[in-house]
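Notes follow once the structure below has been shown.
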2 protein chains.
Amino acid sequence: MSDTQQNSVQQDYILDEQVGFILRRASQRHLGIFASRIPELTPTQFAALAKLCELGAASQNELGRRTAMDAATIKGVIDRLRKRGLVATVKDANDQRRLFVQATAEGEELFASCIEPAHMITEETLAPLSEKERLMFLQLLSKLL
Amino acid sequence: MSDTQQNSVQQDYILDEQVGFILRRASQRHLGIFASRIPELTPTQFAALAKLCELGAASQNELGRRTAMDAATIKGVIDRLRKRGLVATVKDANDQRRLFVQATAEGEELFASCIEPAHMITEETLAPLSEKERLMFLQLLSKLL
DNA sequence: CAAAATCTATTTGTATACTAATGAATTTTA
DNA sequence: TAAAATTCATTAGTATACAAATAGATTTTG
């Protein structure tokens with residue numbers, strides 16, 4: 001038995017057992033499932049589009065807040081969605097700072113066509129859990145926000 | 001009551017209730033906690049360093065596999081750690097394809113000094129849960145890998 | 001009202017993360 | 001053993017993510 005310096009420290013910290021590491025791996029798996037079911041949109045793009053369709057419209061920053069993206073991130077997301085004609089933006093007449101964002105007809109159509117696969121993504125992500133476990137898991141995960 | 005097109009679709013998909021979205025937000029919270037406790041390393045840099053100290057040494061791709069990073073990602077991480085003198089790399093003599101990676105003394109020291117804050121990161125991340133809930137949560141989350 | 005504070009969007013810079021393509025080295029297999 | 005397949009590392013390209021700085025617009029407050 002060769003007891004190296006590493007081994008003595010190893011007991012103190014096992015990466016594979018840490019929440020953060022497991023959380024990251026679970027996210028990676030989910031992202032993979034998402035990409036296979038909805039290849040035409042990234043999860044963040046879909047989130048922005050979904051929230052936009054839910055709200056009707058919003059300023060860029062407001063939309064970012066509602067989808068957990070900071071100002072810099074949501075800007076890039078909206079830029080890419082606009083470049084593809086899925087959303088449209090106009091300066092807010094009542095507040096010259098604000099950029100008013102709206103889903104286009106094409107954007108709403110795409111969103112509508114993604115609802116079913118989106119539900120399947122959720123289903124597939126939670127597939128390893130029983131119905132009871134899913135409820136418990138979502139309840140506990142929601143406490144960590 | 002103005003019933004817009006959005007509202008009729010809204011019932012079908014509530015972003016804020018989807019696993020993926022909650023998972024992303026929980027990760028964001030964890031990342032924030034990590035950054036506040038260990039500002040000198042990113043979670044992935046720390047993961048690579050921790051696994052390296054655990055294994056003793058490994059090839060770059062092997063290390064990536066053990067830390068859930070693909071070849072392109074682990075390359076960047078190792079490059080940055082090397083630039084800071086926390087790891088050292090040498091061509092593997094037995095396999096000219098492999099890049100042998102090792103933590104330096106400085107890297108091992110930094111890792112050792114991060115173990116306690118790292119445990120506090122885990123603690124703070126799970127703080128909203130009771131002891132029972134933590135066990136249950138980790139058990140369920142681990143099924144989603 | 002005017003100054004201070006806040007909000008909005010943008011830009012720059014750094015760091016994951018993944019895809020796809022490449023070339024070199026090694027292993028497999030036919 | 002020679003060809004095929006695989007592995008390893010690198011590179012280029014795209015897309016989050018966040019920090020920090022900036023400038024303009026609006027709101028708050030003294």
Side-chain angles (χ1 to χ4, degrees), chain A residues 20-21 23-36 38-49 58-84 86-87 89-101, chain B residues 20-21 23-36 38-49 58-84 86-87 89-101:
Chain A
F21 189 66
L23 212 48
R24 177 162 146 269
R25 296 218 288 139
S27 295
Q28 285 177 334
R29 173 169 165 274
H30 168 74
L31 270 327
I33 292 170
F34 192 104
S36 73
I38 304 183
E40 54 274 77
L41 289 172
T42 65
T44 43
Q45 287 169 359
F46 178 70
L49 192 56
S59 80
Q60 191 174 270
N61 274 15
E62 164 81 359
L63 184 60
R65 255 175 258 124
R66 303 279 208 133
T67 51
M69 302 178 212
D70 67 16
T73 301
I74 191 67
K75 193 216 180 300
V77 173
I78 292 301
D79 281 352
R80 278 166 229 120
L81 288 176
R82 187 181 42 226
K83 209 171 286 179
R84 289 174 55 184
L86 300 172
V87 305
T89 60
V90 274
K91 271 277 184 67
D92 187 327
N94 296 97
D95 189 336
Q96 297 294 336
R97 296 171 301 180
R98 284 195 172 90
L99 193 63
F100 198 73
V101 187
Chain B
F21 189 65
L23 211 48
R24 177 162 146 269
R25 296 219 287 138
S27 296
Q28 285 177 334
R29 173 170 165 274
H30 168 74
L31 272 326
I33 293 169
F34 192 104
S36 73
I38 305 183
E40 54 273 79
L41 289 172
T42 64
T44 43
Q45 287 169 359
F46 178 70
L49 193 56
S59 79
Q60 190 173 272
N61 274 14
E62 163 82 357
L63 183 61
R65 255 175 259 123
R66 304 277 210 135
T67 52
M69 301 179 212
D70 67 17
T73 301
I74 191 66
K75 192 216 182 301
V77 173
I78 292 302
D79 280 352
R80 278 167 229 118
L81 289 177
R82 186 181 43 224
K83 210 172 287 180
R84 289 174 56 184
L86 300 172
V87 305
T89 59
V90 274
K91 272 276 184 69
D92 187 326
N94 296 98
D95 189 335
Q96 296 293 337
R97 296 170 302 178
R98 283 196 172 90
L99 193 63
F100 198 73
V101 188

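Keep in mind it's a predicted model, so treat the numbers as computed, not measured.
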(request) Return the set of residues passing salt bridge (Lys or Arg N to Asp or Glu O under 4.0 Å) with A:Arg98 (not counting sequence neighbours), or none when no residue passes. (result) A:Asp95
Using the 3.5 Å cut-off, write out each protein N or O paired with an N or O of nucleotides 2-7 of chain D and the distance between them.
residue : atom : partner : partner atom : Å
D:dT7   : O2   : B:Arg97 : NH1          : 2.9

(message) For a 4.0 angstrom threshold against heavy atoms of chain B, report the outermost contacting nucleotides of DNA chain C in 5' to 3' order.
(response) C:dA15 to C:dT26
(message) Please determine whether a side-chain nitrogen or oxygen atom of A:Thr42 lies at a distance below 4.0 Å from atom OP1 or OP2 of D:dA15.
(response) no
(message) List the residues meeting salt bridge (Lys or Arg N to Asp or Glu O under 4.0 Å) with B:Arg82, not counting sequence neighbours, and say none if there are none.
(response) B:Asp79
(message) For a 4.5 angstrom cut-off between non-hydrogen side-chain atoms, does B:Arg84 reach B:Leu41?
(response) yes
(request) Please list, chain by chain and in numerical order, all residues satisfying ring-ring contact (aromatic ring centres under 6.0 Å, His included) with A:Phe100, sequence neighbours excluded. (result) none
(request) Side-chain contact test, heavy atoms from C-beta onward, threshold under 4.5 Å: evaluate it for B:Arg24 versus A:Thr44 and give yes or no. (result) yes
(message) Please give me the minimum heavy-atom distance between A:Ala48 and A:Ile74, naming the atom from each residue.
(response) CB-CD1, 4.4 Å
(request) Name every residue in residues 24-36 of chain B that has at least one heavy atom under 4.0 Å from any atom of DNA chain C, in order of residue number, or write none if there are no such residues. (result) none
(request) Would you jot down, in residue-number order, the residues of residues 68-83 of chain A having a non-hydrogen atom under 4.0 Å from DNA chain D? (result) A:Asp70, A:Ala72, A:Thr73, A:Val77, A:Arg80
(message) Suppose we screen for salt bridge (Lys or Arg N to Asp or Glu O under 4.0 Å). Which residues come up paired with A:Asp92, at least two apart in sequence or across chains?
(response) none
(message) Which heavy atom of A:Ala68 sits nearest to which heavy atom of B:Arg25, and what is that distance?
(response) CB-CD, 3.6 Å
(request) Calculate the interatomic distance between A:Asn94 atom CG and D:dT27 atom C1'; express it in whole Å. (result) 15 Å
(request) Would you give the length of the straight line joining atom CG of B:Asn61 to atom CZ of B:Arg97, rounded to the nearest 0.5 angstrom? (result) 10.0 Å
(request) Estimate the overall bend of the helix from C:dC1-D:dG30 to C:dA30-D:dT1 from the end axes over five pairs each, rounded to 10 degrees. (result) 30°
(message) For B:Arg66, give me all partners under salt bridge (Lys or Arg N to Asp or Glu O under 4.0 Å), at least two apart in sequence or on another chain.
(response) B:Glu62
(request) Flag the pair A:Arg65 / A:Gln60 as yes when at least one side-chain heavy-atom distance between them is below 4.5 Å, and no otherwise. (result) no
(request) Please name all residues satisfying side-chain contact (heavy atoms from CB on, under 4.5 Å) with A:Ser36, sequence neighbours left out, ordered by chain then number. (result) none
(message) Using whole Å, what does the distance between atom C1' of nucleotide D:dG24 and atom CG of A:Asp95 come to?
(response) 11 Å
(request) Kindly write out the residues that satisfy ring-ring contact (aromatic ring centres under 6.0 Å, His included) with B:Phe21, not counting sequence neighbours, or none if the list is empty. (result) none
(request) Examine distances only and state if a side-chain atom of B:Ser27 and a backbone atom of B:Leu23 form a donor-acceptor pair shorter than 3.5 Å. (result) yes
(message) I need the CD-P distance between A:Gln45 and D:dA17, as an integer number of Å.
(response) 11 Å
(request) Run the numbers on A:Leu99 and A:Ile78 for side chain to side chain contact (heavy atoms under 4.5 Å, CB included), then give the verdict. (result) CA-CA 11 Å; A:Leu99 193 63; A:Ile78 292 301; 5.5 Å; no
